[in-house]
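As structure tokens, the structure follows; a few thoughts come after it.
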Amino acid sequence: MGTHPYFANQRTKPMHDIRMIRDNPAAFDAALSRRGIAGLSSQILTLDEERRAKILAAETAQADANAAAKQVGAAKASGDEAEFERLRALVATKKAEIAALNEEAKAADVTLNDLMLTIPNLPYDDVPMGADEAENVELKKQGTPKTFDFKALEHFEIPSVVPGMDFETAAKLSGSRFVLLSGAVARVHRALAQFMLDTHVEENDLIETNTPVMVREEMMYGTGQLPKFGEDSYQTTNGWWLIPTAEVTLTNIVNNATLDEAALPRRFAAHTLCFRSEAGSAGRDTSGMLRQHQFEKVEMVTICHPDTSDAEHLRMTACAEGILEKLNLPYRTVILCTGDMSAGARRTHDIEVWLPGQNAYREISSISTCGDYQARRMNARFKPTEGGKPEFLHTLNGSGLAVGRCLIAVLENGQQADGSVALPEVLHPYLRGKTTINASGKLV
RNA sequence: GGAGACGUGCCGGAGUGGUCGAACGGGGCGGUCUCGAAAACCGUUGAGCCUUUACGGGUUCCCAGGGUUCGAAUCCCUGCGUCUCCGCCA
């Protein structure tokens, strides 16, 4: 297994800071052990030493050759043919030596990088240890699930919703895991997206952004979808990838850029389509529109100084929670344990909304701080105001929120005994004052 | 889809085989002048890696990869990208 071409070009340095590992191998091992990975630092450092020795040898030979090559011109100019020939031969000899040494140096470098690529990000100390989602820790519970004096239905069973949520026709058009919304349901779906984006722009000070949904392959490496998770996304015949989340476009805004520290933080929000193959999800959430190949999401991304990323993580979480609170939807917020976090995250908060039809909390937002993991892959840095070398930025991303899942939550939580749905007050202005989907599916 | 041009530092833009990490201009930073500011003038201003306690030294990078050459930003090949004109089109 060789290094992927994208990483072979040396523009990026995958995720881990080798200097940090050299300086404090014990801390590195300790953090990884919390993810169930045994001490790797000694293996890494051995490879690192070998790599540096090879580089030193290659560069020394190169320096010799350069010195000789420089004198060649002078020898020729002064007419000293013998000296000219001697130097010329010397450079030729060195050249072969350098080629061999370079090859060894490159091989050592590739070996080290390949190992580093397989290592997940280090969890922060405040992330609870655990094997799987059962060991996630609840941080907050907001709102009380409403008790219904009738059997709460799932969203696709509610009489007023049924006519506006057509899975059969969607299947005819596109297959399974698609839905055709119409009438009041489509309207409420649209209203939700508008409401979320407006709130983020006007109250949370995020920059409204409208992004492409097809991207170059390189961008999928920047945020970490590739090389390992390509089967989760779709690619067009001419090589573009359909974004599985606007995290890809919003975060890669700073791909290969060096920002002024004064320009930080940059906080973006975008409402986009998202596309996911849901490979490996066969049989899960097959009814209703909880899990689709195509869905809409309002995404938040923050690019910030390393010192502020913890505060930004809390801020972003609050931005997402605020949407649910305005919609009067009960939710709980959990911090994912080490075993449930994705490879790129250093800390993740999940927000789960109450779905009466399922009698359960279900994920509606996932908010992660990636530290400098993505920034290293993207080569995204900032120049410190007080001078000095550029440093890697920190990046965060979170849903704010998944529009389709939010629609489900609004419908299920608002359902009434007569089959109608009472809509949250904050949506009324977006519905020209309408407040309810009546039992026959009409917005009134 | 057809035709062509181009890819250089924070930006604009020179450079067609050696002395080029790269002219010149702009921007940024520091200074002189000024009560202060502007203007003017002077100076300074890329990044990665290796090495060094440090000062410093070395090496690589002019889209990427390969080739020619004693020597490449400069020549050749391939790929990627951008732009312009025509056609088509929401």
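All chains are named by letter (A, B, ...) in the order of the sequence lines, taking the proteins before the strands, and each is independently numbered beginning at 1. Quick caveat: nothing in here was measured; it's all calculated off a predicted structure.
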### Message
I'd like to know if A/Asp109 pairs up with A/Lys106 as an ion pair, taking the criterion as any Lys NZ or Arg NE/NH1/NH2 lying under 4.0 Å from an Asp or Glu carboxylate oxygen.
### Response
no
### Task
Report the distance from atom CD of A/Glu218 to atom C1' of B/C80, rounded to the nearest whole Å.
10 Å
### Query
Distance between the P atoms of B/G17 and B/C75, in whole angstroms?
8 Å
### Task
From the options B/G48, B/U59, B/C50, select the nucleotide whose nearest atom is closest to the side chain of A/Lys389.
B/G48
### Task
Report yes or no: do A/Asp310 and A/Tyr124 form a side-chain donor-acceptor pair below 3.5 Å?
no
#### Entry: Inter-nucleotide C1' distance (B/C11, B/C70), Å rounded
38 Å
### Task
With a 3.5 angstrom cut-off on both distances, give the Watson-Crick or G-U wobble partner of B/A47, or none if there isn't one.
B/U60
### Query
When the P atoms of B/G81 and B/C89 are considered, how many whole Å apart are they?
26 Å
### Task
With C1' as the reference atom in both, quote the distance from B/C33 to B/A47 in angstrom, rounded to an integer.
36 Å
### Query
Starting at CD of A/Glu261 and ending at C1' of B/G28, how long is that distance when rounded to a whole Å?
15 Å
### Task
Let me know, please, whether A/Arg52 or A/Pro390 comes out on the 5' side of the other along RNA chain B by nearest nucleotide.
A/Pro390
### Query
Do any side-chain nitrogens or oxygens of A/Gln62 fall under 4.0 Å of OP1 or OP2 in B/G58?
no
### Task
Name the residue closer to the 5' end of RNA chain B, choosing between A/Arg22 and A/Arg216 according to the nucleotide with the nearest heavy atom.
A/Arg22
### Query
Should A/Arg19 be listed as having a side-chain N or O under 4.0 Å from OP1 or OP2 of B/C49?
yes
### Message
If I take atom CD in residue A/Glu59 and atom C1' in nucleotide B/U51, what distance separates them, rounded to the nearest angstrom?
### Response
9 Å
### Message
How many whole angstroms separate atom CD1 of A/Ile18 from atom P of B/G48?
### Response
17 Å
### Message
Check the orientation of A/His293 and A/Phe178. Use parallel for under 30°, tilted for 30 to 60°, and perpendicular for over 60°.
### Response
tilted
#### Entry: Nearest-Å distance for atom pair NZ/P, residues A/Lys106 and B/C61
12 Å
### Query
Say you pick atom C1' in B/G67 and the same atom in B/A54; how far apart are they, in whole Å?
43 Å
### Same-atom distance (P) from B/A3 to B/G9, integer angstrom
31 Å
#### Entry: Base partner of B/U34, which must satisfy Watson-Crick or wobble distances under 3.5 Å
none
### Task
Compare side-chain N and O positions of A/Lys383 against OP1 and OP2 of B/G28 and report whether any pair is under 4.0 Å apart.
no
#### Entry: Whole-Å distance separating the CG atom of A/Leu56 from the C1' atom of B/U60
15 Å
### Message
Could you tell me how far apart A/Glu391 (CD) and B/G46 (P) are, to the nearest whole angstrom?
### Response
18 Å
## Note on the structure
From CG of A/Asn256 across to C1' of B/A64 the rounded distance in Å is 13 Å
## Note on the structure
Partner of B/G4 under the Watson-Crick or G-U wobble criteria, both distances under 3.5 Å, comes out as B/C83
### Exercise: identify the closest heavy-atom pair between A/Leu264 and A/Cys304
CD1-C, 4.2 Å
### Message
To check you understand the geometry: which heavy-atom pair defines the closest contact between A/Ala58 and A/Asn102, and what is its length?
### Response
CB-OD1, 3.6 Å
#### Entry: Partner nucleotide of B/G25 by Watson-Crick or wobble geometry (both distances under 3.5 Å)
B/C11
### Message
Taking the C1' atom in each of B/C80 and B/C88, what is the distance between them to the nearest angstrom?
### Response
26 Å
### Query
Which value, in whole Å, describes the distance between the C1' atoms of nucleotides B/G15 and B/U84?
24 Å
### Query
Relative to the ring of A/Phe382, is the ring of A/His305 parallel (under 30°), tilted (30 to 60°) or perpendicular (over 60°)?
tilted
### Task
Would you indicate, yes or no, if B/A47 has its OP1 or OP2 atom less than 4.0 angstrom from a side-chain nitrogen or oxygen of A/Arg381?
no
### Query
Looking just at side-chain N and O atoms, do A/Ser420 and A/Asn438 make a donor-acceptor pair shorter than 3.5 Å?
no
